[in-house]
Amino acid sequence: MSPLHRQPRLILLVFAGGAVGTGIREALSLTWPAAPHGFPTTVFAINLVGSFALGALLESLSRRGSDDGGRRIFRLLFGTGVLGGFTTYSALATDVATRLGSATGVALTYAALSLLAGVAAAVLGIAVAGAVQSRSTHHVTGDDEEDAG
């Protein structure tokens, strides 16, 4: 079997998901554009939401089993594809670069906040998904019932 990155079916999944995610990001960016020298709030929010969602998605999938079959397809379509297109380092880099000469403070603040808050959002997504999975497993097995004795 060829490596994942050489399987046309999987490449198409990532491509299709990426097209959807990029389209959503672009629509949001056009609906709420940032002022040329202002803080790029829309892309900042997109990247935080995407970081949270990706953390939650990957944690949920990893707790359900190995990365194969339907889990792999779901990860590639939604994680790599949709969320990879929705969040984007290139938009962050472009926003920072276009502000460096005229709004350096905004650019540096935006870059630092994006990195720190993005990591925090991903960690929060992982924690929330872990708690939800633990609670559902706990509830299904009946471990929450108290001993009557």
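Side-chain atoms are counted along with the backbone in the values below, which use heavy atoms only and exclude waters and symmetry mates.
- Residues forming a side-chain hydrogen bond (donor to acceptor under 3.5 Å, both in side chains) with Thr31 (at least two apart in sequence, or on another chain): none.
- Residues Gly118 and Ser51 share a closest heavy-atom pair of O-CB, 3.4 Å.
- Under the 4.5 angstrom side-chain criterion for Ile, Leu, Val, Met, Phe, Trp and Tyr, the cluster partners of Val132 are Phe52, Leu124, Val128.
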Throw together a table of side-chain donor-acceptor distances under 3.5 angstrom for residues 105-113, partners on residues two or more places apart or in other chains.
unit_1 : atom_1 : unit_2 : atom_2 : d
Thr109 : OG1    : Gly105 : O      : 2.8
Tyr110 : OH     : Asp95  : OD2    : 3.4

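- Nearest heavy atom pair, residue Arg99 against residue Ala34, reads NH2-CB, 3.5 Å.
- Hydrophobic clustering places Leu57 together with Leu10 (ILVMFWY residues linked when any side-chain heavy atoms are closer than 4.5 Å, directly or through intermediates).
- In the hydrophobic clustering of this structure, Val43 groups with Leu48; members are Ile, Leu, Val, Met, Phe, Trp, Tyr whose side-chain heavy atoms approach within less than 4.5 Å, directly or through other members.
- For Arg25, there are no salt bridge (charged side-chain N to carboxylate O under 4.0 Å, His left out) partners, not counting sequence neighbours.
- Phe15 and Ile73 fall into different hydrophobic clusters, where Ile, Leu, Val, Met, Phe, Trp and Tyr residues are linked whenever their side-chain heavy atoms come under 4.5 Å apart, directly or through other members.
- The hydrophobic clustering, which links ILVMFWY residues whose side-chain heavy atoms are closer than 4.5 Å, places Tyr89 and Val96 together.
- Not counting sequence neighbours, Arg64 has no partner by the salt bridge (charged side-chain N to carboxylate O under 4.0 Å, His left out) test.
- One finds the CZ atom of Arg71 at 13.0 Å from the CG atom of Leu58 (value rounded to the nearest 0.5 Å).
- Taking CD1 of Ile46 as the reference point, atom CG of Leu28 lies at 4.5 Å (rounded to 0.5 Å).
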Show the atom names and distances, to 0.1 Å, of all donor-acceptor pairs under 3.5 Å that link a side chain in residues 74-82 to residues at least two apart or in another chain.
unit_1 : atom_1 : unit_2 : atom_2 : d
Arg75  : NE     : Asp67  : OD1    : 3.0
Arg75  : NE     : Asp67  : OD2    : 3.2
Arg75  : NH2    : Asp67  : OD2    : 2.6

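- When every heavy atom of Ala56 is checked against every heavy atom of Ala129, the shortest pair comes out as O-CB, 3.4 Å.
- Of the possible donor and acceptor atoms, one in the side chain of Thr42 sits under 3.5 Å from a partner among the backbone N and O of Trp32.
- Although no hydrogens or angles enter the test, the distance criterion places a donor-acceptor pair under 3.5 Å between the side chain of Ser62 and the main chain of Glu59.
- Leu92 and Phe86 end up in different hydrophobic clusters when Ile, Leu, Val, Met, Phe, Trp and Tyr side chains are linked at under 4.5 Å.
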